[in-house]
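A short worksheet on the structure shown next.
For clarity, every value in this text was computed on a predicted model and none was experimentally measured. First the proteins, then the strands, lettered A, B, ... as listed; each starts at 1.
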Amino acid sequence: MQDNQITDLTVSQLGAHIESRAMSPIDVAHAFLGRIDTVEPKLNAFISRVDEHALEAAHDAENEIAGGHYRGVFHGIPVGLKDLFWTKGIRTTSGSQIDRDFVPREDAAAFSKLVKAGAYCIGKLHMTEYAFDGTSLNHHYGTAHNPWDTTRMAGGSSSGSGVAVASAQVPIALGTDTGGSVRVPASLCGITGFKPTYGLISRYGVTPLSWSMDHVGPLTKTVHDAAIAINVMVGYDNRDAGSVQGSPSDYVSDLDKGMQGVRIGVPREFIWDMLDPEVEQAFRTSISQMESLGGIIEDLSVPALELVNASGSVVQTAEAATIHRSHVLKQGHLLDPVIRRRIESGMFISAEAYIHAQQVRNKLRNELLKVMDRVDVIATPTTSIVAPYIDQERVIIGGQSVPVREALLRITRVFSTVGFPAISVPCGFTEAGLPIGLQIVGKPLGEVLLLQVAHAYQKSTQWHLRRPAT
Amino acid sequence: MTERRDLTYEEFLSLAHQQGLYAGDGHLEELFPEVQAMIQRIILLDGVDTSAVGPVLGSNITRVVTLE
């Protein structure tokens with residue numbers, strides 16, 4: 001098989017070839033490293049490459065498998081990591097100048113589970129500084145470029161994760177999502193991005209932005225790959241204060257059950273207020289498609305989503321200011337001035353205002369749960385717009401001038417704030433060839449049904465099979 | 001009861017000084033609008049009655065949803 005055919009495969013396809021010994025993990029590593037050599041100069045998806053480490057790990061996998069010790073579908077699979085996942089012996093910058101020389105002594109919990117399953121790190125991926133921005137701009141490490149149009153943003157903060165998967169530099173990447181940072185780059189780059197329920201995957205060993213809102217999630221070519229990754233990474237971890245206790249489910253076995261009779265709520269308000277016409281058209285088509293697959297579409301009144309976002313913003317910024325206070329005071333000159341001001345604004349939030357924002361957040365979360373009694377999942381566009389130009393600050397939607405960051409994050413932020421699981425899958429392209437994302441949201445710990453619905457939709461379309469020309 | 005109001009620039013400078021924030025190169029002038037925007041979000045939330053909501057922090061997931 002040619003190298004470009006290898007890098008086009010999903011994790012489950014690669015795993016099947018490796019298990020059958022039709023493909024060596026060493027061939028897989030060489031194919032992806034070659035792909036990185038070819039496209040990385042145009043895209044800037046990586047902060048650190050670890051080619052020697054990757055080849056050594058691939059050789060180890062090859063020897064283990066040859067010795068009859070095949071560990072499962074992730075054995076011999078390279079993984080790209082947003083550069084805030086700690087990696088033992090490999091520097092982890094968190095996209096900052098301040099932490100440019102930080103070399104952790106252990107792996108992040110989520111990644112260590114993948115390593116135990118036989119995967120290895122092929123490189124540390126671009127991100128916005130301390131994950132505090134939804135674009136793909138980074139003052140210190142340059143801009144990650146969208147592979148569908150390199151003059152455009154890739155979305156963030158897990159920018160490199162979106163770019164690297166979409167451009168076939170890695171078959172899977174891990175990202176984090178505090179306001180949409182897995183789903184936004186997935187949407188803008190035309191791939192699948194999954195944020196599970198808050199606390200389902202341990203955040204131990206992940207540089208935090210906001211303790212009560214950070215989530216870990218995979219970016220993949222398909223929903224099926226996201227499900228197999230979740231199967232490996234879930235589980236209670238007493239080192240993460242937000243970790244959920246309970247027995248993990250099997251997220252793969254029900255994937256093919258379809259969406260016959262599944263009630264899909266479409267919000268009547270909020271999402272339509274600010275929506276690019278081509279995104280709206282693709283979203284409406286995807287709803288019709290889900291209906292044709294047996295889904296029952298319900299018109300849903302979901303009140304006060306703007307307030308959910310306001311509470312999320314106050315909580316996130318106050319927590320970020322607490323986490324980064326010493327950075328601001330002692331090394332503020334090393335921060336991107338935009339990120340610095342964003343962090344500092346959290347220092348003006350009183351304890352009373354923070355706790356009130358948490359109360360509002362919980363109240364609205366409970367109200368949203370009641371609304372979801374009527375449906376099984378909610379569907380929305382992932383982002384209000386497609387990928388903006390790299391230097392674009394504002395965008396015109398329906399005659400309104402809106403900040404790009406708000407247009408990118410306003411829909412995803414709602415479901416990070418309430419902690420519900422949410423996935424973005426490709427649902428179309430604009431006339432200019434830019435990807436559009438469909439977001440499907442489940443109930444807390446409702447990942448099995450959510451993935452089932454997303455998989456059924458994805459299987460019925462061809463959008464996820466398109467590849468950028470880059 | 002007096003409602004929460006926006007900060008004046010002088011009040012902002014006083015708080016910034018108390019926090020130990022860097023005051024050079026026009027930095028605080030650029031920070032002020034960000035802080036004003038944050039205060040506006042807080043004022044928006046002041047309108048939500050939370051008298052019946054406990055001070056639960058985080059989005060604790062205490063309920064496993066049973067799937068049909």
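- Ranked by heavy-atom pairs under 4.5 Å with chain A, the first of B/L7, B/L21, B/L15 is B/L21.
- With a threshold of 4.5 angstrom between heavy atoms, B/F32 does not approach chain A through any atom at all.
- Taken from CE in B/M38 to CZ in A/R342, the straight-line distance is 10.0 Å, to the nearest 0.5 Å.
- The contact list for residues 326-341 of chain A toward chain B, using heavy atoms and a distance under 4.5 Å, reads A/V328, A/L329, A/R340, A/R341 by residue number.
- Contact of the B/Q19 side chain with the A/R325 side chain is registered, since non-hydrogen atoms from C-beta on lie closer than 4.5 Å.
- Between the CD atom of B/Q18 and the CZ atom of A/F348 there is a distance of 9.5 Å, given to the nearest 0.5 Å.
- Scanning all heavy atoms of the two residues, the minimum distance from A/A310 to B/L45 falls at CB-CD2, 3.9 Å.
- The shortest heavy-atom contact between B/L31 and A/E344 is CD2-OE1, 3.5 Å.
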Let's go through B/D49 and A/K363 carefully: what are the C-alpha distance in whole Å and the side-chain angles of both, what is the deciding distance for side chain to side chain contact (heavy atoms under 4.5 Å, CB included) to 0.1 Å, and is it a yes or a no? CA-CA 9 Å; B/D49 178 13; A/K363 177 177 178 163; 4.3 Å; yes
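- B/T50 contributes atom OG1, which lies 14.5 Å from atom CZ of A/R361 (distance to the nearest 0.5 angstrom).
- Under the salt bridge (charged side-chain N to carboxylate O under 4.0 Å, His left out) criterion, B/D6 pairs with no residue at all, not counting sequence neighbours.
- At a 4.5 Å heavy-atom cutoff, B/A37 makes no contact with chain A through either its backbone or its side chain.
- Both the backbone and the side chain of A/S311 come within less than 4.5 Å of a heavy atom of chain B.
- Distance NE2/A/H356 to CZ/B/R4: 7.5 Å, rounded to 0.5 Å.
- Between chain B and the options A/E306, A/E352, A/E319, heavy-atom pairs under 4.5 Å are most frequent for A/E352.
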